[in-house]
Q: 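Here you go, one structure.
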Amino acid sequence: MTLTIPGFDHIRLPGADGVELAAAVGGSGSPVVLLHGFPQTHLMWRHVAERLADEHTVICPDLRGYGAGDKPAATDPDVYAKRTMAADVVTLAAALGHERFALVGHDRGALVAFRAGLDHPETITHLGILDIVPTLDMWNVLRGASAAVGYHLFLMAQPPGLPETMIAGSADAFFGSFLDAWANDPTAIPEDVRAEYLRASAAAVTSIVADYRASAGIDVTHDQADLDAGSQLAMPVTVVQQDWGAQLGYDAAAVWKAWAPDLDHRLTRAGHFMAEEAPDEIAEAIADLLAR
């Protein structure tokens, strides 16, 4: 049985190209869509979603290829392009009657949110980003021995076959290693939630790898085209992240300012799973974003 957010409805909704996604929906008021990261599901938003639901309709989908949604075969690079996954989100929200909405993403979901902000500026009213830099910038800042922190990015960028075999052969150890290494407060992910993340990820190895592989190919192409065209995010943007700039030797705020002129850049002492480790801080950051 899929774990979901207490008090929320768990439903299936249409995405792009005939794909169906699962989503937890609750609350009432102006819409906010929350996109999860790796190796997680929509359940990562359980604390933040409950806080926001007092004033907003909160929509927490599982990304295509993750959780309880469809996992289409990657028959071409577009299937797991962030452009396609962003179209999923816009389609899903429209099915609930929301032509405009605020969008917040963490990790992989933040890459989807970033692409949605560039591709659908008329739809995304506010954009929240947790703990990433855009795909193109990510590859540019991963250099030398410090790039080992992102070894999984390089593993899953390899051609189909070997990455899927290696990960499927030790799925719990692989996915569990990130839950262990990236959390400053391991108690923020209790055993039942951890088990759900591991179960869902083990059932989605092929599609998760396809998502990451797209970020070493077609997603870079799309980001580069926008950079060359001078495209920027038109809406208010809030970025909350760990101090990756200090760790990897770049100016994270400057990276984001180039893409987002209306930027609120914040550093957190929480670990990567900040929506679970510091839900009050993240809910406050989102509330501040929505007030702009």
Q: Is Ile59 close to Leu92 at the side-chain level, that is, under 4.5 Å between some pair of heavy atoms?
A: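 Answer yes - side chains close enough.
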
Q: If you look only at pairs with a residue in residues 223-235, which of them pass as a side-chain hydrogen bond (donor to acceptor under 3.5 Å, both in side chains), with sequence neighbours excluded?
A: Arg115-Asp223, Arg115-Asp226, Gln224-Asp228, Asp226-Ser231

Q: So, Asp78 side chain and Ala81 main chain: donor-acceptor pair closer than 3.5 Å or not?
A: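 Not confirmed, Asp78 side chain does not pair with Ala81 backbone.
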
Q: Working note: Asp70 + Arg12, criterion salt bridge (Lys or Arg N to Asp or Glu O under 4.0 Å); need CA distance, chi angles, decisive distance, verdict.
A: CA-CA 10 Å; Asp70 287 353; Arg12 292 184 69 83; 2.8 Å; yes

Q: Could you measure the distance from the CG atom of Asp107 to the CZ atom of Phe178? Nearest 0.5 Å is fine.
A: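 Reported to 0.5 Å precision, the distance equals 10.0 Å.
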
Q: Mind running side chain to side chain contact (heavy atoms under 4.5 Å, CB included) on Asn184 and Met274 for me, showing each step along the way?
A: CA-CA 9 Å; Asn184 287 356; Met274 56 191 68; over 6 Å; no

Q: Any non-hydrogen side-chain atom of Glu276 less than 4.5 Å from a side-chain atom of Val193?
A: yes

Q: Cluster question for you: counting only ILVMFWY and a side-chain heavy-atom cut-off of under 4.5 Å, with indirect links fine, are Leu267 and Met138 together?
A: no

Q: Evaluate whether atom CD of Glu55 has more than 12 neighbouring non-hydrogen atoms of other residues, nucleotides or ligands under 6.0 angstrom away.
A: no

Q: Between Glu284 and Arg51, is the closest basic N to carboxylate O distance under 4.0 Å?
A: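 No, Arg51 and Glu284 are not salt-bridged.
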
Q: Which atom names give the shortest non-hydrogen contact between Ala270 and Ala278, and what distance separates them?
A: CB-CB, 3.9 Å

Q: Taking Gln241 for its side chain and Ile132 for its backbone only, find out whether a donor-acceptor pair lies under 3.5 Å.
A: yes

Q: Distance check, rounded to the nearest 0.5 Å: Phe101 atom CZ versus His56 atom NE2?
A: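 Result: 14.5 Å between the selected atoms.
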
Q: Distance under 6.0 Å and angle within 45° of the ring axis: does Arg108 meet both against Tyr212?
A: yes

Q: If you take all heavy atoms of Ala183 and Glu277, which pair is closest and at what distance?
A: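 So the minimum-distance heavy-atom pair works out to CA-OE2, 3.5 Å.
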
Q: So, Glu196 and Gln40: side-chain donor and acceptor under 3.5 Å apart, yes or no?
A: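 No, no side-chain donor-acceptor pair sits under 3.5 Å.
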
Q: Can you find a heavy atom in the side chain of Ser30 that is under 4.5 Å from one in the side chain of Leu290?
A: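 SC-SC contact between Ser30 and Leu290 ruled out.
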
Q: Under the criterion side chain to side chain contact (heavy atoms under 4.5 Å, CB included), I'd like the reasoning laid out for Ile282 against Leu130: C-alpha separation, chi angles, the key distance, then a yes or no.
A: CA-CA 9 Å; Ile282 299 307; Leu130 303 187; 4.0 Å; yes

Q: Should we say atom CE of Met235 is surrounded by more than 12 heavy atoms from elsewhere, each under 6.0 Å from it?
A: yes

Q: For the CG atom of Leu198 and the CZ atom of Phe174, what is their distance to the nearest 0.5 Å?
A: 12.0 Å

Q: Hey, quick one: are Val89 and Ile218 part of the same hydrophobic cluster, counting side-chain heavy atoms closer than 4.5 Å, chains of contacts allowed?
A: no

Q: Can you tell which of His10, His42, Arg46 makes a side chain to side chain contact (heavy atoms under 4.5 Å, CB included) with Cys60?
A: His42

Q: Are Glu50 and Trp45 side-chain neighbours, meaning at least one heavy-atom pair lies under 4.5 Å?
A: no

Q: Does the side chain to side chain contact (heavy atoms under 4.5 Å, CB included) test come out yes or no for Ile167 and Val209, once each step is laid out?
A: CA-CA 9 Å; Ile167 294 168; Val209 174; 3.8 Å; yes

Q: Hey, could you give me each pair passing side-chain hydrogen bond (donor to acceptor under 3.5 Å, both in side chains) that has a residue in residues 122-139? Not counting sequence neighbours.
A: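 Counting only pairs at least two positions apart or across chains, the side-chain hydrogen bond (donor to acceptor under 3.5 Å, both in side chains) contacts touching residues 122-139 are Asp131-Gln242, Asp131-Trp244, Asp131-His272, Asp137-Trp259.
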
Q: Could you tell me whether the side chain of Phe154 reaches within less than 4.5 Å of the side chain of Leu142, counting heavy atoms only?
A: yes

Q: Write down the atom of Leu13, the atom of Ala23, and the distance for their closest heavy-atom approach.
A: CD1-CB, 4.1 Å

Q: Asp219 versus Leu111: any side-chain heavy-atom pair under 4.5 Å?
A: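 Contact flag for Asp219/Leu111 side chains = no.
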
Q: If we count only N and O atoms by modelled type, under 3.5 Å, do the side chains of His36 and Thr41 hold a donor and an acceptor together?
A: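 Thr41 and His36 do not have a side-chain donor-acceptor pair below 3.5 Å.
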
Q: Going through the checks in order, is the side chain to side chain contact (heavy atoms under 4.5 Å, CB included) test met by Val133 and Tyr250?
A: CA-CA 11 Å; Val133 291; Tyr250 68 96; 3.6 Å; yes

Q: Just wondering, do Arg64 and Pro72 contact through their side chains at under 4.5 Å, heavy atoms?
A: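 SC-SC contact between Pro72 and Arg64 confirmed.
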
Q: Answer yes if the ring centres of Phe38 and Tyr66 are under 6.0 angstrom apart, and no otherwise.
A: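 Judged by ring-centre distance (under 6.0 Å), Phe38 and Tyr66 do not meet the cut-off.
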
Q: Check this for me: does any side-chain nitrogen of one of Asp264 and Arg266 sit under 4.0 Å from a carboxylate oxygen of the other?
A: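 Yes, Asp264 and Arg266 are salt-bridged.
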
Q: Roughly how far, to the nearest 0.5 Å, is the CG atom of Leu136 from the NE2 atom of His222?
A: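 Going from the NE2 atom of His222 to the CG atom of Leu136 covers 12.5 Å.
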
Q: Compare every heavy atom of Ile5 with every heavy atom of Ala49, then report the nearest pair and how far apart it is.
A: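 Heavy atoms of Ala49 and Ile5 come nearest at CB-CD1, 4.0 Å.
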
Q: Could you report the tightest heavy-atom contact between Gly26 and Phe8, atom names first, then the distance?
A: N-CD2, 3.3 Å

Q: Where do Glu281 and Thr268 land on the side-chain hydrogen bond (donor to acceptor under 3.5 Å, both in side chains) test, with the steps shown first?
A: CA-CA 9 Å; Glu281 177 185 351; Thr268 181; 2.9 Å; yes

Q: Would you give the length of the straight line joining atom CG of Leu34 to atom CD1 of Ile286, rounded to the nearest 0.5 angstrom?
A: 5.5 Å

Q: Does the side chain of Pro160 come within less than 4.5 Å of Arg213's, by heavy atoms?
A: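 Arg213 vs Pro160: side chains touch.
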
Q: Does Arg269 pair with Asp185 as a salt bridge, N-O distance under 4.0 Å?
A: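 A salt bridge is absent here (no side-chain N lies under 4.0 Å from a carboxylate O).
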
Q: Please report the closest heavy-atom contact between Tyr197 and Pro39, naming both atoms and the distance.
A: CB-O, 3.4 Å

Q: Hey, mind stepping through Thr57 and His98 against side-chain hydrogen bond (donor to acceptor under 3.5 Å, both in side chains) and telling me if it holds?
A: CA-CA 10 Å; Thr57 299; His98 306 299; 4.9 Å; no

Q: Parallel, tilted or perpendicular, judged at 30° and 60°: which one describes the rings of Trp256 and Phe114?
A: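 Ring orientation of Trp256 relative to Phe114: perpendicular.
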
Q: Hey, what do you get for CG (Leu289) to CG (Asp262), rounding to the nearest 0.5 Å?
A: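 Atom-to-atom, Leu289:CG and Asp262:CG are 9.0 Å apart.
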
Q: State whether Lys82 and Asp119 are salt-bridged, where the test is any N-O pair (Lys NZ or Arg NE/NH1/NH2 against Asp/Glu carboxylate O) under 4.0 Å.
A: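 No, no charged N to carboxylate O under 4.0 Å.
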
